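This chain uses plain numbering: 1 for the first residue, then up along the sequence. Since the model is a prediction, treat every value here as computed from it, not as a measurement.
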Amino acid sequence: VQDASSSSGLKGVQVMFESNGGYFSLTTSDGNGNYVVAAVADQWKSNVSDYSLDALGYVPPSNNTTVATTSGNVTTQNLLYSAATALIGGTVRNGAAAVMPGVILNLNSQNDNVSTATDANGKFTFGVSSGTWNVQLDSSFASDNNLIGPSIQESVSNGQGISGIAIQLASVTGTISGYVHDAGGTPVSTGVYANATINGINYFSNSDTDGSGNYSFPVINGQWDVNVSLGGYTQYTQQSVQVSGSAVVNFTPISVVAHLQGTVTNNGVPVSGASVGASLQGGNTWIQTTTDGSGNFNIGVTSNGTWNVQL
């Protein structure tokens with residue numbers, strides 16, 4: 001287990017391998033970063049403990065390494081990790097403003113995923129690389145503890161530290177559920193997500209559809225904007241719903257026939273997170289998206305014709 005830049009060994013990293021056949025092997029790197037695990041002939045996927053890498057100041061990758069082993073041979077698989085160059089941190093509290101220890105949070109960028117837990121004072125710190133990161137409550141922890149939290153986006157540069165992020169969690173009071181079917185009634189496999197700004201906090205919740213196209217995710221009472229993440233389809237009507245206990249929101253996405261692509265800049269500098277919409281001339285169809293970290297947008301449109309694109 002090595003530093004990606006210097007090739008120095010990383011001590012005390014918990015390394016895990018899982019085979020296609022269901023075997024599992026676990027060890028910890030020694031003082032020189034070396035590790036050895038027992039294996040059978042198979043395809044194995046590596047994984048490492050986010051916590052052990054974070055403790056050393058390194059960022060886990062989003063993709064795991066795959067290696068093939070053969071009987072009677074020693075297979076070498078070096079694992080390379082990049083040192084954190086920036087910090088993102090803050091405090092987690094509940095609705096009564098009390099700090100919350102042991103809360104598991106996830107931090108995601110386009111290339112990396114990191115997890116950590118709050119300390120006894122409800123504080124957390126992520127060692128990260130430069131870029132734009134989203135801080136969210138871990139979905140499994142949220143489900144097990146009947147909690148919901150905000151989605152917070154932060155951008156950091158090398159050498160920068162952000163330490164004042166305030167995350168307030170709330171206890172779940174209901175659900176949003178429904179189905180996603182195409183125009184012919186066939187279930188669509190996709191993600192459904194919702195946002196709500198309640199008491200100044202932007203809460204977020206999401207779920208994937210099951211084999212029947214049904215979904216359900218926890219929420220708190222308030223006004224929620226519900227949408228879907230679809231490839232090959234577009235849902236041009238974001239649905240808003242007032243939740244008091246529970247609510248049902250169904251989607252019937254329409255197939256995409258073409259794409260409108262471009263870049264949003266300000267004096268030559270790409271603008272990320274900008275809302276870009278397209279309306280069909282002579283119709284009432286409106287499709288909206290947001291730019292990525294490079295200012296690029298891609299709008300899938302549902303019919304041929306003349307489309308007006310605007311911010």
Side-chain angles (χ1 to χ4, degrees), residues 47 49-51 53-55 60 62 87-109 112-128 132-154 162-180 190-210 214-229 238-249:
N47 196 5
S49 163
D50 287 359
Y51 300 105
L53 280 177
D54 186 59
S62 57
L87 293 175
I88 294 178
T91 305
V92 178
R93 300 177 184 273
N94 61 20
V99 297
M100 299 187 68
V103 174
I104 300 176
L105 300 172
N106 293 331
L107 193 66
N108 305 300
S109 71
D112 296 301
N113 302 297
V114 190
S115 296
T116 193
T118 57
D119 64 17
N121 298 310
K123 296 187 179 298
F124 64 91
T125 302
F126 288 101
V128 299
T132 300
W133 296 81
N134 292 306
V135 185
Q136 293 180 347
L137 182 64
D138 179 78
S139 58
S140 295
F141 180 89
S143 177
D144 292 343
N145 293 275
N146 206 35
L147 293 170
I148 190 170
S151 176
I152 298 174
Q153 187 177 86
E154 295 286 353
I162 298 175
S163 60
I165 299 175
I167 295 179
Q168 182 173 312
L169 305 184
S171 296
V172 171
T173 59
T175 60
I176 294 177
S177 61
Y179 64 74
V180 183
T190 185
V192 185
Y193 61 95
N195 295 279
T197 301
I198 301 171
N199 297 325
I201 300 172
N202 181 31
Y203 288 100
F204 173 85
S205 193
N206 69 312
S207 174
D208 293 330
T209 56
D210 61 19
N214 300 318
Y215 74 90
S216 177
F217 50 73
V219 293
I220 58 176
N221 293 338
Q223 186 78 22
W224 289 80
D225 294 326
V226 190
N227 220 320
V228 289
S229 305
Q238 174 180 274
Q239 299 194 49
S240 295
V241 59
Q242 180 67 39
V243 177
S244 179
S246 297
V248 175
V249 179

Enclosure of Asn199 CG (heavy-atom neighbours >12, cutoff 6.0 Å): no

Donor-acceptor contact below 3.5 Å, side chain Ser207 vs main chain Tyr215: no

Rounded distance [0.5 Å steps], CD1 in Ile201 versus OG in Ser151: 13.0 Å

Pro150 side chain reached by Ile167 side chain, heavy atoms, under 4.5 Å: yes

Atom pair CG/CD1 of Leu105 and Ile165 - distance to nearest 0.5 Å: 9.5 Å

Nearest atoms (heavy-atom pairs only) where Phe124 meets Thr91: CE2-N, 3.6 Å

Closest approach of Thr175 to Ser216 (non-hydrogen atoms, all atoms of both residues): CB-OG, 4.0 Å

Backbone of Met100 reached by a side-chain donor or acceptor of Thr118 within 3.5 Å: yes

Point-to-point distance, once rounded to the nearest 0.5 Å, from CG of Asp210 to OH of Tyr179: 13.5 Å

From CG (Asp138) to OG1 (Thr116), nearest 0.5 Å: 11.5 Å

Member of Asn206, Val219, Val192 meeting the side-chain contact (heavy atoms from CB on, under 4.5 Å) criterion with Val226: Val192

Shortest non-hydrogen contact between Phe126 and Val135, atoms and distance: CE1-CG1, 4.5 Å

Side-chain heavy-atom pair Leu137, Phe204 within 4.5 angstrom cut-off: no

Smallest separation among heavy atoms of Ser171 and Ile220, with atom names: O-CG2, 3.3 Å

Spatial distance of atom OG (Ser139) from atom CG (Leu147) [nearest 0.5 Å]: 12.5 Å

Check against side chain to side chain donor-acceptor pair (under 3.5 Å), Ser115 and Asn106: CA-CA 5 Å; Ser115 296; Asn106 293 331; 2.7 Å; yes

Under 3.5 Å donor-acceptor, Asn94 side chain and Ala96 backbone: yes

Trp224 side chain near Tyr203 side chain, heavy-atom distance below 4.5 Å: yes

Rounded distance [0.5 Å steps], OG in Ser177 versus CG in Asn214: 8.5 Å

Heavy-atom side-chain proximity of Gln239 to Val241 below 4.5 angstrom: no

Main-chain N/O of Ala194 paired to Ser205 side chain as donor or acceptor, under 3.5 Å: no

Option among Val228, Asn227, Ile176 that satisfies the side-chain contact (heavy atoms from CB on, under 4.5 Å) test with Val249: Ile176

Test item: Thr209 side-chain N/O and Thr190 main-chain N/O as donor-acceptor pair under 3.5 Å: yes

Non-hydrogen atoms of Gly245 and Asn221 that approach each other most closely: N-OD1, 2.8 Å

Over all atoms of both residues, closest heavy-atom pair of Ile148 and Pro218: CD1-O, 3.4 Å

